[in-house]
Amino acid sequence: FNINSSYICQLFKKHTGDTFTEYITNLRVNYACNLLKTTALNVNEVAEKVGFNDYYYFTKVFKKMIGETPSSFRDTKQQAHLTQKLNGDS
């Protein structure tokens with residue numbers, strides 16, 4: 001096929017509302033949130049597992065998208081889970 005890459009990018013943005021890079025970054029950060037909630041991996045391991053080679057860049061992107069650092073996110077989610085268990089919620 002001889003299709004222009006900018007045309008593909010325009011189609012992608014039209015159908016998803018995001019650029020390809022934004023879309024992939026959203027997938028990575030959402031996966032990171034899941035890993036932070038469900039595993040004991042440290043933040044650096046989570047960053048590597050979701051495709052970020054630089055821990056500091058991962059933390060910056062995560063904070064920009066989620067509104068808190070990965071460590072803070074994990075602490076908040078673990079505290080909420082503990083509170084649910086103490087209150088008898090499942």
Side-chain angles (χ1 to χ4, degrees):
F1 292 101
N2 190 13
I3 300 174
N4 188 318
S5 63
S6 6
Y7 177 69
I8 297 291
C9 290
Q10 288 174 354
L11 284 178
F12 190 89
K13 182 162 177 116
K14 181 180 177 182
H15 290 285
T16 66
D18 291 328
T19 65
F20 183 73
T21 302
E22 291 168 339
Y23 184 81
I24 295 299
T25 301
N26 286 332
L27 287 177
R28 287 177 171 166
V29 171
N30 286 331
Y31 184 41
C33 287
N34 186 45
L35 291 174
L36 290 165
K37 289 188 284 189
T38 61
T39 71
L41 295 171
N42 68 42
V43 175
N44 192 45
E45 291 171 320
V46 170
E48 288 177 6
K49 199 158 191 71
V50 300
F52 286 88
N53 297 323
D54 182 342
Y55 164 82
Y56 297 104
Y57 181 66
F58 166 70
T59 300
K60 180 180 175 181
V61 170
F62 189 96
K63 185 172 184 179
K64 182 178 178 183
M65 291 182 68
I66 303 299
E68 58 186 331
T69 65
S71 298
S72 177
F73 175 85
R74 172 178 272 158
D75 293 343
T76 301
K77 296 304 174 195
Q78 287 176 341
Q79 185 62 40
H81 182 69
L82 180 60
T83 302
Q84 280 182 336
K85 280 192 168 261
L86 290 173
N87 291 332
D89 300 340
S90 292

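Hydrogens, waters and symmetry mates play no part in the numbers below; they use all other heavy atoms, side chains included. Position 1 is the first residue of the sequence, and the numbers go up from there.
Of the possible polar contacts, none joining the Glu48 side chain to the Glu45 backbone as a donor-acceptor pair under 3.5 Å is found.
Rounded to the nearest 0.5 angstrom, Ser6 OG and Gln10 CD are separated by 6.0 Å. A distance of 15.0 Å separates SG in Cys9 from NZ in Lys14, rounded to the nearest 0.5 Å.
Counting heavy-atom neighbours within 6.0 Å of Asn4 CG, excluding the residue itself, gives a total above 12.
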Residues 29-41, side-chain donor-acceptor partners within the protein, below 3.5 Å, at least two apart:
residue : atom : partner : partner atom : Å
Asn30   : ND2  : Asn26   : O            : 3.2
Thr38   : OG1  : Asn34   : O            : 2.7
Thr39   : OG1  : Leu35   : O            : 2.6
Thr39   : OG1  : Leu41   : N            : 3.3

Donor-acceptor contacts under 3.5 Å from residues 58-65 side chains, at least two apart:
residue : atom : partner : partner atom : Å
Thr59   : OG1  : Tyr55   : O            : 3.0

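The nearest pair of heavy atoms linking Thr76 to Glu68 is OG1-OE1, 3.3 Å.
Under a hydrophobic-cluster definition in which Ile, Leu, Val, Met, Phe, Trp and Tyr are linked whenever side-chain heavy atoms come within less than 4.5 Å, directly or via other members, Ile3 and Phe20 are assigned to different clusters.
The aromatic rings of Phe12 and Tyr23 sit perpendicular to each other, their planes meeting at more than 60°, with 30° as the lower class boundary.
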